[in-house]
2 protein chains.
Amino acid sequence: MMSVPLYEAKAELFRLLGHPVRIRVLELLQDGPRPVRQLLAAIEVEPTGLSQHLAVLRRSGLVTAQREGSTVVYALAGGRVAGLLRAARELLTEKLTGQNELLDELLQDSTGSGTS
Amino acid sequence: MMSVPLYEAKAELFRLLGHPVRIRVLELLQDGPRPVRQLLAAIEVEPTGLSQHLAVLRRSGLVTAQREGSTVVYALAGGRVAGLLRAARELLTEKLTGQNELLDELLQDSTGSGTS
DNA sequence: TACGTAATTGCGAACTTTCGCAATTACGAT
DNA sequence: ATCGTAATTGCGAAAGTTCGCAATTACGTA
């Protein structure tokens with residue numbers, strides 16, 4: 001039953017995360033479960049678009065949905081999602097910091113650690 | 001200069017990682033720098049396709065390229081990339097384990113921890 | 001039952017990504 | 001200079017993604 005190589009699964013996971021609206025949803029859900037209405041208010045996207053992105057996240061098992069009366073409440077499925085987002089943030093921070101340092105070097109041209 | 005919201009950058013980062021060939025490249029580079037030739041031997045992809053994926057990774061700053069004589073050697077740019085891949089692996093492992101447990105429950109129907 | 005709001009689904013047009021072929025650049029050896 | 005191998009780039013066809021409109025489902029209330 002090894003149907004899907006792990007690297008395919010990993011690529012698919014990343015592909016699923018590769019959309020701004022889906023990232024925002026996951027970030028909002030990090031602070032706890034939220035009804036669709038609330039996500040909608042926070043995210044600047046049409047209801048239909050949000051539904052579609054939520055469907056993607058649901059199908060992939062990254063979030064869970066629960067109907068509560070007339071609204072539907074979404075929540076993160078498992079704590080590891082937050083860890084992944086944190087890792088991404090750290091990488092981006094490192095990258096941006098690095099760029100700024102490089103920029104500073106180029107502009108100021110007075111660093112002790114010279115390139116040989 | 002706040003041109004790009006952080007969540008857009010995050011989404012783009014994930015989108016870049018969302019391809020099996022690019023994942024495989026990054027995984028191979030985790031064990032140290034590798035010439036294109038070696039990646040090509042390991043990955044089952046046409047040379048031209050690999051080049052294109054390497055170009056994507058290069059442009060995004062996730063890897064660096066260095067010509068050494070007649071070959072080009074690629075390397076991971078910064079340790080944080082490995083951390084991101086680890087986080088992804090952990091999430092997938094959790095997800096697969098969870099699925100198996102659920103499957104076992106459904107098949108065996110004899111668990112102590114009943115759902116209320 | 002009929003109405004209003006919440007959320008989802010189906011569908012097609014616009015856009016983006018991917019893939020391989022042909023052409024090109026970069027290097028080392030003859 | 002010419003040849004062979006390593007790697008990249010340009011380009012167009014095929015495949016995949018995204019977006020909004022219209023239609024639908026699910027629920028609460030009059």
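Chain letters run A, B, ... following the sequence lines, proteins first and then strands; every chain starts at 1. What you see is a predicted model, and the numbers here were worked out from it, not measured in a lab.
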Review point. With sequence neighbours excluded, what pairs up with B/Y7 under the side chain to side chain donor-acceptor pair (under 3.5 Å) test?
Key: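 Partners of B/Y7 under the side chain to side chain donor-acceptor pair (under 3.5 Å) test: none.
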
**Study point:** Partners meeting side chain to side chain donor-acceptor pair (under 3.5 Å) with B/Q38 (sequence neighbours left out)
**Key:**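 B/Q38 satisfies side chain to side chain donor-acceptor pair (under 3.5 Å) with B/R34 once adjacent residues are dropped.
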
Which pairs would a plain distance check flag for residues 61-71 of chain B, meaning a side-chain donor or acceptor within less than 3.5 Å of a matching protein atom at least two apart in sequence or in another chain?
from  : atom 1 : to    : atom 2 : distance (Å)
B/R67 : NH1    : B/G69 : O      : 3.3

Exercise for review: Under the side-chain contact (heavy atoms from CB on, under 4.5 Å) rule, collect the residues that match up with A/P33, sequence neighbours excluded.
Suggested key: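 In terms of side-chain contact (heavy atoms from CB on, under 4.5 Å), with neighbours along the sequence ignored, A/P33 is linked to A/V73, A/A75.
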
Practice item. Output the distance between atom OG1 (B/T93) and atom CG (B/L96), rounded to the nearest 0.5 Å. Key: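 Here the interatomic distance stands at 6.5 Å.
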
Exercise for review: Determine, using the 4.5 Å side-chain heavy-atom cutoff (strictly less than), whether B/F14 and A/I43 are members of one ILVMFWY cluster.
Suggested key: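 Same cluster.
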
Practice item. Between A/T48 and B/L50, just flag the one whose closest nucleotide in DNA chain D comes earlier from the 5' side. Key: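 It is B/L50, whose closest nucleotide lies nearer the 5' terminus.
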
Point to revise | Exercise: identify the closest heavy-atom pair between B/A77 and B/V81 | key: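 Looking at all heavy atoms of both residues, the closest pair is O-CG2, 4.1 Å.
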
Point to revise | For B/L84 against A/A88, the heavy-atom pair lying closest together | key: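 Reported closest heavy-atom pair: CD1-N, 3.6 Å.
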
Just the table, please: protein N/O against nucleotides 13-19 of chain C N/O, every pair under 3.5 Å.
from   : atom 1 : to    : atom 2 : distance (Å)
C/dT17 : OP1    : B/R15 : NH1    : 2.7
C/dT18 : OP1    : B/R22 : NH2    : 3.4
C/dT18 : OP2    : B/R22 : NH1    : 3.4
C/dC19 : OP2    : B/H19 : NE2    : 3.3
C/dC19 : OP2    : B/H53 : NE2    : 3.1

Exercise for review: Would you mind listing every ring pair (Phe, Tyr, Trp, His ring centres under 6.0 Å) that reaches into residues 76-99 of chain A, with sequence neighbours excluded?
Suggested key: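 Pairs touching residues 76-99 of chain A that pass the test: none.
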
Practice item. Just jot down the salt bridge (Lys or Arg N to Asp or Glu O under 4.0 Å) partners of A/K95, sequence neighbours excluded, or say none. Key: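 By the salt bridge (Lys or Arg N to Asp or Glu O under 4.0 Å) rule, A/K95 matches no residue at all.
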
Would you list the atom pairs, donor with acceptor, under 3.5 Å between side chains in residues 20-31 of chain A and any protein atom, with sequence neighbours excluded?
from  : atom 1 : to    : atom 2 : distance (Å)
A/R22 : NE     : A/L16 : O      : 2.6
A/R22 : NH1    : A/H53 : ND1    : 3.0
A/R22 : NH2    : A/L16 : O      : 3.4
A/R24 : NH1    : A/A42 : O      : 3.4
A/E27 : OE2    : B/K10 : NZ     : 2.4

Check your understanding: C/dG28 C1' sits how many Å from B/R67 CZ, rounded?
Key ->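 Atom CZ in B/R67 sits about 11 Å away from atom C1' in C/dG28.
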
Review point. If you look only at pairs with a residue in residues 38-62 of chain B, which of them pass as a salt bridge (Lys or Arg N to Asp or Glu O under 4.0 Å), with sequence neighbours excluded?
Key: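 Checked against salt bridge (Lys or Arg N to Asp or Glu O under 4.0 Å) - neighbours excluded - no pair reaches residues 38-62 of chain B.
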
Check your understanding: So which of residues 69-76 of chain A are in contact with DNA chain C, with a heavy-atom cut-off of under 4.0 Å?
Key ->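 Hits under 4.0 Å, by residue number: A/S70, A/T71, A/V72, A/Y74.
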
Point to revise | Strand-adjacent residues in residues 23-44 of chain B, judged by heavy atoms under 4.0 Å from DNA chain D | key: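 Heavy-atom cutoff 4.0 Å gives B/V36, B/R37.
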
Point to revise | Bounds of contact between DNA chain D and chain B, in 5' to 3' order, using a heavy-atom cut-off under 4.0 Å | key: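 In short, chain B contacts DNA chain D from D/dA6 to D/dC11.
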
